[in-house]
Amino acid sequence: MRGSEPGRLFLPINKGGRIVGKAMTEQAVYNMLVKRASEAGIDHVSPHDLRRSFVSDMIDAGAGISAVQQLAGHANVSTTQRYDRRGEQAKARAATLLHVPVNG
């Protein structure tokens, strides 16, 4: 429905299926997310959870932390790092990428 034009991810759609306006309110996004989460049987979700997932998924996919920082709109890279919730498995996978030659 949204198309490929740059802009907001979520846009208001009227009952006739037409995009109206330019942006949804924060409350409308929250209400939509809570409704969809409930339909999926998921408890306790917030729009901020999407932001955390976005950051972790981008880093996991190989995007550089600086690029993710900019995409997330964080002023400081340390904020972006705090959003990374991938855990110990991701760290272990990353450690396997480094080749350290051993003499002996």
Side-chain angles (χ1 to χ4, degrees):
M1 297 285 308
R2 186 189 164 285
S4 59
E5 305 85 37
R8 298 187 182 266
L9 178 60
F10 299 114
L11 298 171
I13 299 174
N14 68 15
K15 291 181 182 182
R18 247 182 94 218
I19 297 175
V20 294
K22 294 189 177 188
M24 293 176 70
T25 65
E26 289 179 19
Q27 187 64 48
V29 172
Y30 177 78
N31 292 343
M32 177 186 66
L33 181 61
V34 167
K35 179 180 178 182
R36 298 295 181 236
S38 175
E39 291 171 349
I42 300 170
D43 293 329
H44 309 294
V45 68
S46 75
H48 211 75
D49 294 326
L50 298 177
R51 189 176 179 91
R52 279 189 215 89
S53 295
F54 167 77
V55 167
S56 292
D57 289 351
M58 290 294 293
I59 294 170
D60 204 29
I65 191 76
S66 295
V68 177
Q69 171 196 354
Q70 292 172 10
L71 289 168
H74 292 150
N76 193 314
V77 73
S78 65
T79 303
T80 308
Q81 290 169 326
R82 285 195 307 269
Y83 276 65
D84 185 6
R85 300 285 188 233
R86 294 173 302 151
E88 295 302 315
Q89 275 186 334
K91 293 176 193 174
R93 276 195 312 271
T96 67
L97 299 174
L98 183 62
H99 173 70
V100 180
V102 178
N103 293 331

In chain order, what residues pass the side-chain hydrogen bond (donor to acceptor under 3.5 Å, both in side chains) check against [X], with sequence neighbours excluded?
X: Gln27; answer: Asn31
X: Asp43; answer: none
X: Arg36; answer: Glu39

Distance (rounded to the nearest 0.5 Å) between [X] [atom1] and [Y] [atom2]:
X: Arg51; Y: His74; atom1: CZ; atom2: NE2; answer: 4.0 Å
X: Leu11; Y: Arg18; atom1: CG; atom2: CZ; answer: 13.0 Å
X: Ile13; Y: Met32; atom1: CD1; atom2: CE; answer: 9.5 Å

Checklist entry - With sequence neighbours left out, what residues match Arg52 under salt bridge (charged side-chain N to carboxylate O under 4.0 Å, His left out)? => result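 If we apply the salt bridge (charged side-chain N to carboxylate O under 4.0 Å, His left out) test to Arg52, skipping adjacent residues, the hits are Asp49.
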
Checklist entry - Excluding sequence neighbours, so at least two apart, what forms salt bridge (charged side-chain N to carboxylate O under 4.0 Å, His left out) with Asp60? => result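 Per chain and number, Asp60 pairs via salt bridge (charged side-chain N to carboxylate O under 4.0 Å, His left out) with Arg86, Arg93.
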
Item to check | Minimal non-hydrogen separation, Val55 against Thr80, with atom names | outcome: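 The pair with the smallest heavy-atom distance is CG1-O, 3.6 Å.
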
With sequence neighbours left out, write down each residue that passes side-chain contact (heavy atoms from CB on, under 4.5 Å) with [X], or none if nothing qualifies.
X: Leu50; value: Leu33
X: Ala37; value: Ile42, Val45
X: Ser66; value: none
X: Ala28; value: Met24, Thr25

Checklist entry - According to the ring-ring contact (aromatic ring centres under 6.0 Å, His included) rule, which pairs have a member within residues 27-49, sequence neighbours left out? => result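 Sorted result for residues 27-49: His48-Tyr83.
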
Checklist entry - According to the salt bridge (Lys or Arg N to Asp or Glu O under 4.0 Å) rule, which pairs have a member within residues 63-72, sequence neighbours left out? => result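 Every pair satisfying salt bridge (Lys or Arg N to Asp or Glu O under 4.0 Å) with a residue in residues 63-72: there are none.
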
